Amino acid sequence: MPGRIEDYALIGDMQTAALVCRDGTVDWLCLPRFDSHAIFAGLLGTEENGFWRIGPVHPASDTPLPATRRRYCGDSLILESEWDTPHGTVRVTDFMQPRDGAPQLTRIVEGVRGHVPMRSALRMRFSYGRITPWVYHVDGRPVATAGPDSVWLDADAETYGKDLTTYANFTVSPGDRLAFTIQWQPSHKAPPPLPDPENALTTTQEFWRDWAQHCTYNGPYREAVVRSLITLKALTYAPTGGIVAAPTTSLPEEIGGVRNWDYRYTWLRDAAITLSSLLRTGYRDEARAWREWLLRAVAGDPENLQIMYGIAGERELGEMELDWLPGYEESAPVRIGNSAAHQLQLDVYGEVTEALHLGHMTGIARNDYASALQVKLIRYLEDHWNEPDEGIWEVRGPRRHFVHSKVMAWVAVDRTIKLIESGDADGPLERWKKLREEIHRDVCEKGYDKERNAFTQSYGSKELDAALLLIPQMGFLPPDDKRVIGTVEAIQRELSTEDGFILRYPTEGEDEGIDGLPGDEGAFLACSFWMADDLAMIGRADEARKLFEKLLALRNDLGLLAEEWDSVNQRQVGNFPQAFSHVPLIDTALTATGAYGG
């Protein structure tokens, strides 16, 4: 049975990623890319769907032992797990070297004290746990092959096969270091070169040390900020600059529920706000790479901007269900692909334009096509901003006139006006100034409930929406405007969980709610960070600081956050780790350093 979501650690090579449980089990790994088929899918099923465990042999049973302690090695993605056992202490170091050739996952077992019996159990199941590969040997090297894929195992211990699983039993003593490496290779190609685990470890250490040193933030929350930045870097697909929302699919927003989605794609919204955080902390190369990815992804068809693309800019992300997987803790269905890709979400135009504007303002080298794209997007919005859409939360019910979508349309026009005024683009300036005023007036007249003194989720509705917390942050209205204060207070009052975190919007339990789905969900962590920002902006800094520090306490022992927090069961839920949680953590930390007197 897989562990709790917060029991997992992330390792990766900036092209794919693995999740390693506290007991030394790799339960999730897609090869060779984030969005490839998983060879270990035990996370969404059982051990029959693939796993790789290295850990001490339990003297009394086959139940794996959780590590006594674990940590990342400095500012890196190198995971160190240690077990104290009756026989002694052992350390396992897990990492994926930044790729220069075949993708590889390396696990180094090191004796620390005593003589510890150990076992490696490797069960590869291709195609998301469905296909048992053919395992054979080439020049003494075990290789598992099925269709186009092959995975090679190189081990410093003798291996044997039993029950369609590859085992190694060995004992480590102080000073012993035994390495185990798997490498993926197209099955029609020659074997990958023999790995050099110690050199790979040194290279990986140097890469992350050098990268982390570029962080320009030195405030009181530096540890949390750097860990979040490393996580965002790990979610970046290095060959193209695309940023996945998370490395997993179908980790549920409600345990046992149906709100299970594939997040291994690049949402323009998530990537745009990630770019903002990277720029504000000194990472211009990553920001520049994302901008180039964006220009390639939308090239030739900017008017039909998708809300998400594949990590190389693919447009077709067809959704299907994997009925052979029972789902994480029986949370079915398990989905791959995402049919929301073709939804109309007008807010995306605002987020993309804001990201391009920020890049322009912070000195990323000018790109004339980026400016031309921005103008083209506004020409499209000019004709479509007043249409209903699916909104930021990708509702699968009827389209509505979502207030947040209109606000972000205003942001898109506003930032483009600033671009034209700077002399870096041409456009009908006066006409678009009138458009900006028209959108602003429309939102204030139709999206604001005078009786409640609060903006609502959509025109004519009574529901609240935590996305409205972005109104002052985007400059649509100043923080001291009574309508802003009323909205913040209404959301805090009506969308808070008992422990003070923020829901996205009301859900309806077993009945279909405003999003067209049954069931509930946890508190959305990004919304809770937005609340902390707004509280600081309206002068309630002490309250903002307390909320921010409560949010930091939700991170697992390695500093990682999923998408949501289940306040009833006191656990993380949703895909993990989630960029849309770590980005606002960074932004709130930057705000907090000044606003809270840090």
Side-chain angles (χ1 to χ4, degrees), residues 1-11 18-29 38-71 79-94 105 107-125 129 132 153 155 157-173 176 178 180 182 248 251-252 255-256 325-331 556-558 560 569-573 576:
M1 179 178 178
R4 288 165 70 103
I5 289 171
E6 57 266 36
D7 285 339
Y8 286 92
L10 174 76
I11 59 174
L19 294 188
V20 186
C21 196
R22 194 181 297 272
D23 65 4
T25 304
V26 180
D27 276 324
W28 183 254
L29 175 62
I39 68 163
F40 304 136
L43 183 67
L44 300 177
T46 70
E47 290 188 349
E48 291 301 319
N49 301 119
F51 73 97
W52 185 13
R53 180 182 303 119
I54 296 182
V57 175
H58 196 293
S61 74
D62 291 331
T63 303
L65 295 169
T68 308
R69 55 194 162 271
R70 62 179 181 169
R71 68 184 182 101
L79 175 69
E80 293 183 347
S81 305
E82 291 185 347
W83 285 261
D84 295 332
T85 78
H87 300 284
T89 299
V90 64
R91 178 183 303 124
V92 176
T93 300
D94 294 324
L105 189 162
R107 316 191 73 181
I108 298 176
V109 184
E110 179 182 1
V112 177
R113 178 181 60 83
H115 307 282
V116 184
M118 299 287 291
R119 173 174 291 172
S120 168
L122 173 63
R123 182 176 296 167
M124 287 178 278
R125 296 293 183 266
T132 301
L153 169 65
E158 184 177 350
T159 63
Y160 64 94
K162 180 182 178 182
D163 299 329
L164 301 177
T165 303
T166 300
Y167 291 98
N169 297 319
F170 55 99
T171 298
V172 290
S173 302
D176 290 346
L178 284 75
F180 298 75
I182 59 171
T248 57
L251 290 180
I255 300 297
L325 287 172
Y328 179 84
E329 295 191 19
E330 303 296 323
S331 304
N556 74 359
D557 58 314
L558 298 171
L560 301 178
N569 296 302
Q570 295 289 290
R571 58 183 298 189
Q572 295 192 31
V573 290
F576 174 89

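Worth saying up front: this structure is predicted, and the values here are computed from it rather than measured.
- The CD atom of E6 sits 11.5 Å away from atom CG of L558, with the distance rounded to the nearest 0.5 Å.
- Residues passing the side-chain contact (heavy atoms from CB on, under 4.5 Å) test with L178 are D156, A157, F170, V172, D176, F180, sequence neighbours excluded.
- Within the structure, the salt bridge (charged side-chain N to carboxylate O under 4.0 Å, His left out) test picks out no pair touching residues 158-169 (sequence neighbours left out).
- Remark: T159 pairs with P142, L153, A155, T166, A168 by the side-chain contact (heavy atoms from CB on, under 4.5 Å) rule, at least two apart or across chains.
- In this structure the side chain of R119 never reaches within 4.5 angstrom of the side chain of R53, judged on heavy atoms.
- With sequence neighbours excluded, no residue satisfies side chain to side chain donor-acceptor pair (under 3.5 Å) with T85.
- Interatomic distance, L29 CG to L43 CG, rounded to the nearest 0.5 Å: 11.5 Å.
- Take D27 and apply the salt bridge (charged side-chain N to carboxylate O under 4.0 Å, His left out) test, not counting sequence neighbours, and it matches no residue.
- Checked against salt bridge (charged side-chain N to carboxylate O under 4.0 Å, His left out), E82 has the following partners two or more places apart in sequence or in another chain: R69, R91.
- To the nearest 0.5 angstrom, L44 atom CG is 6.0 Å from L251 atom CG.
- In terms of heavy atoms, E110 sits closest to V90 at O-CG2, 3.4 Å.
- Proximity of V92 to E80: side-chain heavy atoms (C-beta onward) are nowhere separated by under 4.5 Å.
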Trace of the side chain to side chain contact (heavy atoms under 4.5 Å, CB included) decision for T248 with W28: CA-CA 8 Å; T248 57; W28 183 254; 4.0 Å; yes

Candidate pair L325 and N49, rule side chain to side chain contact (heavy atoms under 4.5 Å, CB included), full reasoning: CA-CA 8 Å; L325 287 172; N49 301 119; 3.4 Å; yes

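- In this view, R22 and D7, D557 satisfy the salt bridge (charged side-chain N to carboxylate O under 4.0 Å, His left out) rule, not counting sequence neighbours.
- The two atoms that bring T171 and P117 nearest to each other are OG1-CA, 3.9 Å, heavy atoms only.
- The side chain to side chain donor-acceptor pair (under 3.5 Å) search around N569 returns D566, not counting sequence neighbours.
- If you look at F40 and F51, their ring centroids are not closer than 6.0 Å.
- Donor-acceptor pairing under 3.5 Å is recorded for the side chains of H115 and S173.
- Taking the centre and axis of the six-membered ring of W52, the NZ or CZ atom of R107 falls inside the cone set by 45° and 6.0 Å.
- For the pair S331 and P252, the tightest heavy-atom approach, listed with the atom from each and the gap, is OG-CG, 3.3 Å.
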N169/Y160 under side chain to side chain donor-acceptor pair (under 3.5 Å): CA gap, chis, key distance, verdict: CA-CA 9 Å; N169 297 319; Y160 64 94; 2.9 Å; yes

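- Two residues are said to be in side-chain contact when any heavy atoms from C-beta on lie closer than 4.5 Å; N556 and Q572 meet this criterion.
- Under the ring pair (Phe, Tyr, Trp, His ring centres under 6.0 Å) criterion, Y328 pairs with no residue at all, not counting sequence neighbours.
- Qualifying side chain to side chain donor-acceptor pair (under 3.5 Å) partners for T68, counting only residues two or more places apart in sequence or in other chains: none.
- When all heavy atoms of G88 and V116 are compared, the pair lying nearest together is C-CG2, 3.6 Å.
- Using a 4.5 Å cut-off on side-chain heavy atoms (C-beta onward), L122 and I182 make contact.
- When the side-chain contact (heavy atoms from CB on, under 4.5 Å) test is applied to A67, the partners found at least two apart in sequence or on another chain are S81, W83.
- A heavy-atom distance below 4.5 Å is found between the side chains of R125 and L164.
- Shortest non-hydrogen contact noted between F576 and L560 is CZ-CB, 3.6 Å.
- Contact check for L79 versus T93: no side-chain heavy atoms found under the 4.5 Å cut-off.
- Annotation: side chain of V109 is in contact with side chain of M118 (closest heavy-atom distance under 4.5 Å).
- Using a cut-off of 4.0 Å between Lys/Arg side-chain N and Asp/Glu carboxylate O, R4 and E329 are scored as not salt-bridged.
- Residues passing the side chain to side chain donor-acceptor pair (under 3.5 Å) test with T46: none are found, sequence neighbours excluded.
- A heavy-atom distance below 4.5 Å is not found between the side chains of L19 and V26.
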